[in-house]
Amino acid sequence: MPSLNPALAEVRRAVRASLSALPAGSTVIVALSGGPDSLALAAATAFEAPKLGLRAASVTVDHGLQPGSDEAALAAARTAAELGLDPLVVSVEIGTAGGPEAAAREARYGVLRDAARDANAAAVLLGHTLDDQAETVLLGLARGAGATSLAGMAPDRTDDDSGVRWLRPLLAVRRETTVAACAAAGLDPWLDPHNRDDRFRRVRVRERVLPLLESELGPGVAEALARTAEQLREDAQAFDDMIAETIEDIVEPAEAGIAISVAALAANPPALRHRIIRHVVQSEFHESLSRSQTLEVARLVTDYSGQGPIDLPGCRARRVGRLVEFSAGGSGA
């Protein structure tokens with residue numbers, strides 16, 4: 001028998017490993033754009049899922065951002081059906097909040113969440129590759145993001161609110177491998193023009209920055225960035241576990257919000273203190289604090305001299321005796 005194409009084999013192994021923890025008889029949904037990454041993922045899922053007793057479907061979102069997007073979405077659905085997946089195409093209207101990239105992403109994930117709930121799916125599979133992870137880390141570095149953001153995308157994550165489980169089987173697979181896998185399988189991926197449009201920062205990172213780093217520093221930069229993300233995810237998980245163990249002992253209800261013990265915050269090292277502050281605001285008010293905002297709140301503990309309330313996204317922080325209180329309001333209200 002002829003040997004299996006190495007690219008096909010690598011993608012199938014990655015998908016098999018990701019799906020193996022799911023219960024037999026459950027449904028998985030592949031987020032299928034029709035591009036090489038998601039198409040290689042769909043083909044591997046169609047091959048591996050039945051072996052594990054899983055039903056596999058696909059969802060393709062037509063964002064309507066360019067001419068012919070509806071035809072590309074239907075073509076992706078036809079390919080999914082040929083592979084043995086149960087296809088669904090959903091058209092969405094994109095808003096303007098946060099720019100076109102963010103608006104399209106928000107609409108896409110909304111469709112995928114709805115589809116997962118409707119199908120009672122065990123997981124939604126996303127086609128992000130090692131290259132996507134490297135780009136995410138570089139973009140985070142450029143923003144001056146903290147360790148949580150630099151940890152990049154998790155291979156397995158469950159939404160706190162919706163309960164949807166997101167799997168990224170290809171995070172250790174290079175983009176060139178998914179392209180080769182599609183070619184070996186005789187699949188014709190759709191090449192989204194937006195993925196070459198240098199108006200978008202991620203495209204500039206992909207087309208200019210990473211190739212320049214590889215040229216100047218030698219090969220392996222993308223892999224090194226992905227390893228950095230993995231290490232930071234481990235660190236972030238350790239911090240999250242520490243916070244989970246202590247948070248109930250140091251917070252208490254407050255009028256229209258929540259309060260944290262000043263003494264407990266002061267007793268913790270800065271890294272943990274700052275994470276507790278961000279955790280409280282995120283969990284209570286569903287907002288993320290910047291580094292400067294976090295430090296300003298921390299000064300209510302470490303450098304308090306009677307300063308007044310601090311307006312934050314979605315809430316307001318103030319020192320009240322032995323407590324730092326967070327109440328609804330602030331700049332995001």
Find the distance between CG (Leu32) and CG (Leu125) and round it off to the nearest 0.5 Å.
->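 Rounded to the nearest 0.5 Å, the CG-CG separation comes out at 11.0 Å.
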With [X] via side-chain contact (heavy atoms from CB on, under 4.5 Å) - residues at least two apart:
X	answer
Arg202	Glu101, Glu135, Thr136, Leu139, Arg206
Glu214	Pro219, Val221, Ala222
Glu176	Arg174
Ser91	Asp62

For Glu106, does the CD atom have more than 12 heavy-atom neighbours from other residues, nucleotides or ligands under 6.0 Å away?
-> no
Evaluate whether atom CZ of Arg201 has more than 12 neighbouring non-hydrogen atoms of other residues, nucleotides or ligands under 6.0 angstrom away.
->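 Open.
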Under 4.5 Å between any side-chain heavy atoms of [X] and [Y], yes or no?
X	Y	value
Ser288	Gln282	yes
Arg165	Arg157	no
Pro309	Glu325	no
Arg113	Asp159	yes
Pro169	Leu41	yes
His274	Pro270	yes
Leu225	Leu138	yes
Val61	Val92	yes

Considering only Ile, Leu, Val, Met, Phe, Trp and Tyr, and joining two whenever side-chain heavy atoms are under 4.5 Å apart, list the other residues clustered with Val320.
->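 Members alongside Val320: none; it stands by itself.
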Check which hydrophobic residues are tied to Phe47 through side-chain heavy-atom contacts below 4.5 Å, counting indirect links as well, and list them.
->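 Taking Ile, Leu, Val, Met, Phe, Trp and Tyr as members, Phe47 stands alone, with no cluster partners.
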Apply side chain to side chain contact (heavy atoms under 4.5 Å, CB included) to the pair Arg318 and Ile310, showing each step before the final yes or no.
-> CA-CA 6 Å; Arg318 62 173 183 162; Ile310 302 168; over 6 Å; no
By side-chain hydrogen bond (donor to acceptor under 3.5 Å, both in side chains) - contacts of Arg204 (at least two apart) |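 Residues passing side-chain hydrogen bond (donor to acceptor under 3.5 Å, both in side chains) with Arg204: none at all.
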Would you mind listing every ring pair (Phe, Tyr, Trp, His ring centres under 6.0 Å) that reaches into residues 159-183, with sequence neighbours excluded?
->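 The answer is Tyr109-Trp166.
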Is the backbone of [Y] close enough, under 3.5 Å, to the side chain of [X] for a donor and an acceptor to pair up by distance?
X	Y	answer
Gln237	Glu234	no
Asp241	Ala238	no
Arg316	Ser327	no
Arg273	Asn268	yes
Ser283	His279	yes
Ser20	Ala17	yes
Thr228	Ala224	yes
Thr79	Ala75	yes
Arg319	Val324	no
Gln133	Met153	yes

Before giving the answer on salt bridge (charged side-chain N to carboxylate O under 4.0 Å, His left out), spell out for Asp156 and Arg168 the whole-Å C-alpha distance, their side-chain angles and the decisive distance to 0.1 Å.
-> CA-CA 6 Å; Asp156 185 348; Arg168 294 181 173 90; over 6 Å; no
Check salt bridge (Lys or Arg N to Asp or Glu O under 4.0 Å) between Arg13 and all other residues, then give those that pass, not counting sequence neighbours.
-> none
Partners passing salt bridge (Lys or Arg N to Asp or Glu O under 4.0 Å) against Glu10 (at least two apart in sequence or in another chain) =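 Glu10: no salt bridge (Lys or Arg N to Asp or Glu O under 4.0 Å) contacts found.
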Quick one: do the Thr246 and Asp249 side chains pair a donor with an acceptor below 3.5 Å?
-> no
Do Arg278 and Glu287 sit within salt-bridge range, that is, some charged N less than 4.0 Å from a carboxylate O?
-> no
Under the salt bridge (charged side-chain N to carboxylate O under 4.0 Å, His left out) rule, what pairs show up with a residue in residues 68-83, not counting sequence neighbours?
->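 Passing the test, one end in residues 68-83: no pairs.
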Would you list the pairs meeting side chain to side chain donor-acceptor pair (under 3.5 Å) in which at least one residue belongs to residues 31-44, sequence neighbours left out?
->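 Qualifying pairs: Ser33-Ser38, Asp37-Thr178.
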Go through the steps to decide whether Ile260 and Val280 satisfy the test side chain to side chain contact (heavy atoms under 4.5 Å, CB included), and finish with yes or no.
-> CA-CA 9 Å; Ile260 315 176; Val280 166; 3.6 Å; yes
Step by step, would you call Leu171 with His128 a side chain to side chain contact (heavy atoms under 4.5 Å, CB included)?
-> CA-CA 6 Å; Leu171 274 186; His128 297 113; 4.1 Å; yes
